[in-house]
*Asks:* 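My structure is below; once you've seen it, I'll send some questions.
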Amino acid sequence: MKLATLALALTAVAHSALAHYTFQYIWTPNDNGQYVGIRHPPTNNPVTDVTSTDIRCNVNGLSGSGIAILPVPAGTNITMEWHQHDQRTGEDAISGGHKGPILVYAAKVPSGQTAATWDGSGAVWFKLYESGLISASSQTWASDIVNANGGKHSLVIPKCIPTGQYLLRVESIALHVAQSYPGAQFYLGCAQLNITGGGTGTPSPLVAFPGAYKGSDPGITVNIYNNLQSYTIPGPAVWKC
C-alpha cells in the first residue's frame, strides 16, 4: 500500500508542471467570451504562498483596469469555466491528477471605487460556494465533477445579496503535492460584477486575502493518497440568505 501511495504521489509530481490551468470564462448566464470580465494572470502557474497578495486575485490581480464589469441580476445562475490551455480542446479542464476543492468568494466594492479599480484589500471577502471531497469511497473530488462538466461549475447569486459592484474570487486548490507546505497549488482569478436587483442581506463571516488561510490548515497541508476519509475545506463557512 505504501509503495502504491508513493507511486501515485510521484506520478502527480511528474505531471504537475504539464497540467496547470486557469479560470477562463464566466457565464452570466450566457458565455461572455474568454477572459471577458476576468482579471487573469500572465501564466497558468499556481500560487503556493498563502501569505502573498497573489492569493487574493492571482499575479497582477490587484487591479482590473481595462477589464469589463459584467452586469448580473441577483438570483442569476452563473457558471465558471476552467481550462488547461487557451482554448476548449476537449482535454480534462483540470488535469485528473490535480484533485481538490472548488471555492467561490465575493467582496463588495467600497463606495468611491469600482470593480475595475479596487484591489480587494481588507476583511471583506465572504464565501458563496464550496465543494471538496464528495466521496471518500471513490475518492471523488469537486475537481472531478468540474472535469465531468467540461470545466464548468455553477452557483446562484443569492437574491438577498446587496446591490452593487463586486469582485468574485473563483478558486481551485490542487492537493496532489500538498503533503507539506508549500505544496498545495492555488489556481484562482477574480471576475468583476455589477449585481443588480439585490436585497438586504448581510454577508458574513468576512475574511481577508491574505489572512483567511494558513499553511498549517488541514485543508491545505494534507496527504490525499493515504485513504483520506474526510476533508476540511479551508476558509470560513458559506454565507447563505
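This chain uses plain numbering: 1 for the first residue, then up along the sequence. All values derive from a computational prediction rather than experimental measurement.
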*Asks:* Are side-chain heavy atoms of Y129 and V238 found at a separation under 4.5 Å?
*Replies:* no

*Asks:* With hydrophobic residues grouped by side-chain heavy-atom distances under 4.5 Å, do Y181 and I233 end up in a single group?
*Replies:* yes

*Asks:* Do L193 and I26 have side-chain heavy atoms sitting under 4.5 Å apart?
*Replies:* yes

*Asks:* Specify the closest pair of heavy atoms between V124 and L206, including all atoms of both residues, with the distance to one decimal.
*Replies:* O-CD2, 3.8 Å

*Asks:* Would you compute the distance between atom NZ of K152 and atom CH2 of W27 and round it to the nearest 0.5 angstrom?
*Replies:* 5.0 Å

*Asks:* Scan I102, T140, I94 and name whichever one has a side chain to side chain contact (heavy atoms under 4.5 Å, CB included) with I145.
*Replies:* T140

*Asks:* Run the side-chain donor-acceptor check on residues 58-68: report pairs under 3.5 Å with partners two or more places apart or on a different chain.
*Replies:*
{"unit_1": "N58", "atom_1": "ND2", "unit_2": "L188", "atom_2": "O", "d": "2.8"}
{"unit_1": "S63", "atom_1": "OG", "unit_2": "S65", "atom_2": "N", "d": "3.3"}

*Asks:* Restricting to non-hydrogen atoms, name the atom on P101 and the atom on G132 that form the minimum distance, rounded to 0.1 Å.
*Replies:* CB-CA, 3.9 Å

*Asks:* Assess the residue pair Y231 and W141 against the criterion (side-chain contact (heavy atoms from CB on, under 4.5 Å)); give the C-alpha distance rounded to whole Å, side-chain angles, the decisive distance to 0.1 Å, and a yes or no.
*Replies:* CA-CA 10 Å; Y231 173 74; W141 288 83; 3.7 Å; yes

*Asks:* Ignoring hydrogens and angles, tell me if any N or O in the side chain of N223 forms a donor-acceptor pair with the backbone of Y225 under 3.5 Å.
*Replies:* yes

*Asks:* Over 60° means perpendicular and under 30° means parallel, so tell me whether H98 and Y187 are parallel, tilted or perpendicular.
*Replies:* tilted

*Asks:* So, the side chain of D31 versus the backbone of G33: is there a donor-acceptor pair under 3.5 Å, distance only?
*Replies:* yes

*Asks:* Side-chain contact test, heavy atoms from C-beta onward, threshold under 4.5 Å: evaluate it for T22 versus P41 and give yes or no.
*Replies:* yes

*Asks:* Centroid-to-centroid, W239 to F126, below 6.0 Å?
*Replies:* yes

*Asks:* Is there a side-chain contact (heavy atoms from CB on, under 4.5 Å) between V50 and K214? Walk through the geometry before answering.
*Replies:* CA-CA 7 Å; V50 298; K214 300 190 299 295; 5.6 Å; no

*Asks:* Taking all non-hydrogen atoms of both residues, which atom of A174 and which atom of Y21 are closest, and how far apart?
*Replies:* CB-OH, 3.9 Å

*Asks:* Would you name the heavy atoms of L167 and R39 that are closest together and state the gap between them?
*Replies:* CD2-NH2, 3.7 Å

*Asks:* Taking the side chain from S52 and the backbone from I55, do they hold a donor-acceptor pair closer than 3.5 Å?
*Replies:* no

*Asks:* Is a side-chain donor-acceptor pair under 3.5 Å present for S143 with N147?
*Replies:* no

*Asks:* Rounded to the nearest 0.5 Å, what's the gap from OG1 on T163 to CD1 on I161? Could you check?
*Replies:* 9.0 Å

*Asks:* Does any part of the side chain of K127, heavy atoms only, come nearer than 4.5 Å to the side chain of L103, both counted from C-beta?
*Replies:* yes

*Asks:* Is the distance from the ring center of F209 to that of Y105 below 6.0 Å?
*Replies:* yes

*Asks:* Flag the pair Y25 / W82 as yes when their ring centroid distance falls below 6.0 Å, and as no otherwise.
*Replies:* no

*Asks:* Taking D217 for its side chain and G219 for its backbone only, find out whether a donor-acceptor pair lies under 3.5 Å.
*Replies:* no

*Asks:* Do you know which two heavy atoms are closest between A74 and G197, and how far apart they sit?
*Replies:* CB-O, 3.7 Å

*Asks:* Report the C-alpha separation of E91 and H83 in whole Å, then their side-chain angles, then the decisive distance to 0.1 Å, and conclude whether the side-chain contact (heavy atoms from CB on, under 4.5 Å) test is met.
*Replies:* CA-CA 8 Å; E91 65 187 348; H83 290 287; over 6 Å; no

*Asks:* How about P158 and L128: do any of their side-chain heavy atoms sit closer than 4.5 Å?
*Replies:* yes

*Asks:* Would you indicate whether the side-chain heavy atoms of P203 and P162 approach each other to under 4.5 Å?
*Replies:* yes

*Asks:* With a 4.5 Å cut-off on side-chain heavy atoms, are D144 and K99 touching?
*Replies:* yes

*Asks:* Could you give the distance from OG1 (T79) to CG (L155), rounded to the nearest 0.5 Å?
*Replies:* 8.0 Å

*Asks:* Identify the heavy atoms of A184 and I173 that sit nearest to each other, and give their distance.
*Replies:* CB-CG2, 4.2 Å

*Asks:* With rounding to the nearest 0.5 angstrom, report the CG to OG1 distance, N77 to T28.
*Replies:* 11.0 Å

*Asks:* Please assess I38 against Q24 for the test side-chain contact (heavy atoms from CB on, under 4.5 Å), listing each intermediate value before the final yes or no.
*Replies:* CA-CA 7 Å; I38 298 171; Q24 295 189 12; 5.8 Å; no

*Asks:* Could you tell me whether the side chain of Y213 reaches within less than 4.5 Å of the side chain of I220, counting heavy atoms only?
*Replies:* yes

*Asks:* Just one of Q34, R88, H153 clears the side chain to side chain donor-acceptor pair (under 3.5 Å) bar with E81, so which one?
*Replies:* R88

*Asks:* Under 3.5 Å, is there a donor-acceptor pair between the side chain of T76 and the main chain of P73?
*Replies:* yes

*Asks:* Using only atom types and a distance under 3.5 Å, with no angle test, would you say the side chain of Q139 pairs donor to acceptor with the backbone of A136?
*Replies:* yes

*Asks:* Honestly curious: do V36 and M80 fall in one hydrophobic cluster under the side-chain, below-4.5 Å linking rule?
*Replies:* yes

*Asks:* What's the separation between atom CZ in F23 and atom SG in C57, rounded to the nearest 0.5 Å?
*Replies:* 10.5 Å

*Asks:* In Å and rounded to the nearest 0.5 Å, what is the CZ to CD distance from R56 to E171?
*Replies:* 13.5 Å

